[in-house]
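The structure under discussion appears below in the form of structure tokens.
Values below: every heavy atom of this structure, side chains too, minus hydrogens, waters and symmetry copies. Numbered from 1 within each chain, the chains take letters A, B, ... in sequence-line order.
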Protein chains: 2
Amino acid sequence: MTLSTGKVAKLAGVNVETLRFYEREGILPEPPRRASGYREYPPETVELIHFIKRSQELGFSLKEVKELLSLRKVPRRASKKATTLVDAKLAEIDLKLRDLRSMREALESLRCACASNGSSSACPIIESLSGRSESEEPG
Amino acid sequence: MTLSTGKVAKLAGVNVETLRFYEREGILPEPPRRASGYREYPPETVELIHFIKRSQELGFSLKEVKELLSLRKVPRRASKKATTLVDAKLAEIDLKLRDLRSMREALESLRCACASNGSSSACPIIESLSGRSESEEPG
DNA sequence: GTACACCCCGTACGTTGGTACGGAGTCAAC
DNA sequence: GTTGACTCCGTACCAACGTACGGGGTGTAC
């Protein structure tokens, strides 16, 4: 069972044009075609697109998503390259996690501070992510 | 002690034009000016820009960053609006956290799978974020 | 008092990530 | 065998987020 562009788009909640765009950009693999030229997508495509969209919302660019996706089919006895890339992505994710947690705490305390907290507090939300940006080392 | 555009830009690791752009967009507050028209930034501006950049890397748009920043100066006995916004942002962050953790696990298991794992495994990385996207409820 | 780095502004250009258009072919149903 | 929804493709357009240009004023060090 395969899906047409329209079906995939609908199921994945994206525009048909987006599928073509992703295909052009090499993010979606080219699906097989009928004699007529119509694309026939495997159903997993829908999950794939969910993954792409969600990754974007986590701050990954399409280029990075492509990298992440490339990790799927590492040929078993994985290249060192792949492992290195995985490690890099893990580090990136850990940093994001740390910052998100930090931001979360700040927001949480902000909500409380709305009620309590007399005056003149340094802003927790700015503080939550400041002071390092790129320059913090993982090790 | 105040900072010129050039100083701020250098310290924050962004282009001078970016500062002007953020100002135009209302993300950076307009700094005081000298008689000559030169901007005089308070030093916190640097932290502010770090915050902005980092927030973007966490998948927030400039519009969303603006919202986040607006939460700084809720007028003590905070408006319901502010609290609502905070709650919305918290939910957003929680979703991001969940997905990042999930993605992290998948990558972790991918790295192991490179060594072990005989054949024909469903791809963990796609699975990690698929199956819901928007449609998952928090409660 | 001028040299050189720095700042001003408006405007144009560039990249990323799509969206829309529109003419033509296809498919399923009637 | 024609209607109407769907697909094809190329190309143009769009919004978000900057980045570059270029002509002119400023500041300060010699």
- prompt: With a 4.5 Å heavy-atom cut-off, do A:E40 and A:L3 have their side chains touching?
  reply: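 Not in contact.
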message: Could you tell me if the side chain of B:S61 sits less than 4.5 Å from the side chain of B:Q56, heavy atoms only?
response: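 No, too far: nothing below the 4.5 Å cut-off.
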Figure out the [atom1]/[atom2] separation between [X] and [N], and round it to whole Å.
| X | N | atom1 | atom2 | value |
| --- | --- | --- | --- | --- |
| B:E25 | D:dC17 | CD | C1' | 8 Å |
| A:E17 | D:dT7 | CD | C1' | 11 Å |
| A:K66 | C:dG18 | NZ | P | 14 Å |
| B:N15 | C:dG14 | CG | C1' | 13 Å |
| B:L3 | C:dC6 | CG | P | 15 Å |
| A:Y41 | D:dT7 | OH | C1' | 11 Å |
| B:L19 | D:dC17 | CG | P | 16 Å |
| B:K10 | C:dA5 | NZ | P | 13 Å |

task: Would you classify A:Q56 as touching base, sugar-phosphate or nothing, given that sugar-phosphate means primed atoms plus P, OP1 and OP2, and contacts are heavy atoms under 4.0 Å?
output: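 Counting heavy atoms under 4.0 Å across all strands, the contact made by A:Q56 is with sugar-phosphate only.
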task: Please work out if A:R34 contacts a base, only the sugar-phosphate, or nothing of the nucleic acid, heavy-atom cut-off 4.0 Å.
output: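 Sugar-phosphate, backbone atoms only, no base.
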message: If you assign A:R39 and B:V14 each to the DNA chain D nucleotide with the nearest heavy atom, which residue ends up on the more 5' nucleotide?
response: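 Between the two, 5'-proximity favours A:R39.
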message: Heavy-atom nearest nucleotide on DNA chain D for B:I52 versus B:Y38: which residue maps closer to 5'?
response: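 So the residue in question is B:I52.
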Think [X] has a side-chain N or O under 4.0 angstrom from the OP1 or OP2 of [N]?
| X | N | answer |
| --- | --- | --- |
| A:S4 | D:dT7 | yes |
| B:K53 | D:dC17 | no |
| B:T18 | D:dG18 | no |
| B:S61 | D:dA16 | no |
| B:S36 | D:dG27 | yes |

A:R39/A:E23 ion pair, N-O < 4.0 Å: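 So A:R39 pairs with A:E23 through a salt bridge.
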- prompt: Is it true that A:E67 and A:K89 make a salt bridge, defined as a side-chain N closer than 4.0 Å to a carboxylate O?
  reply: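 Yes, charged N to carboxylate O under 4.0 Å.
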- prompt: What do the steps show when you test B:K53 against B:E57 for salt bridge (charged side-chain N to carboxylate O under 4.0 Å, His left out), and what is the final call?
  reply: CA-CA 6 Å; B:K53 290 320 247 177; B:E57 287 170 37; over 6 Å; no
Of the listed nucleotides ([options]), which one gets closest to any side-chain atom of [X]?
| X | options | result |
| --- | --- | --- |
| B:R24 | C:dT11, C:dG25, C:dC7 | C:dT11 |
| A:F21 | C:dC6, C:dG18, D:dC17 | C:dG18 |
| A:L62 | C:dC7, D:dG18, C:dG18 | C:dG18 |
| A:R20 | D:dT11, D:dA20, C:dT26 | D:dT11 |
| A:R33 | C:dG18, D:dC8, C:dT11 | D:dC8 |

- request: Nearest 0.5 Å please: distance from the NZ atom of A:K7 over to the OG1 atom of A:T2.
  value: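 Atom-to-atom, A:K7:NZ and A:T2:OG1 are 9.0 Å apart.
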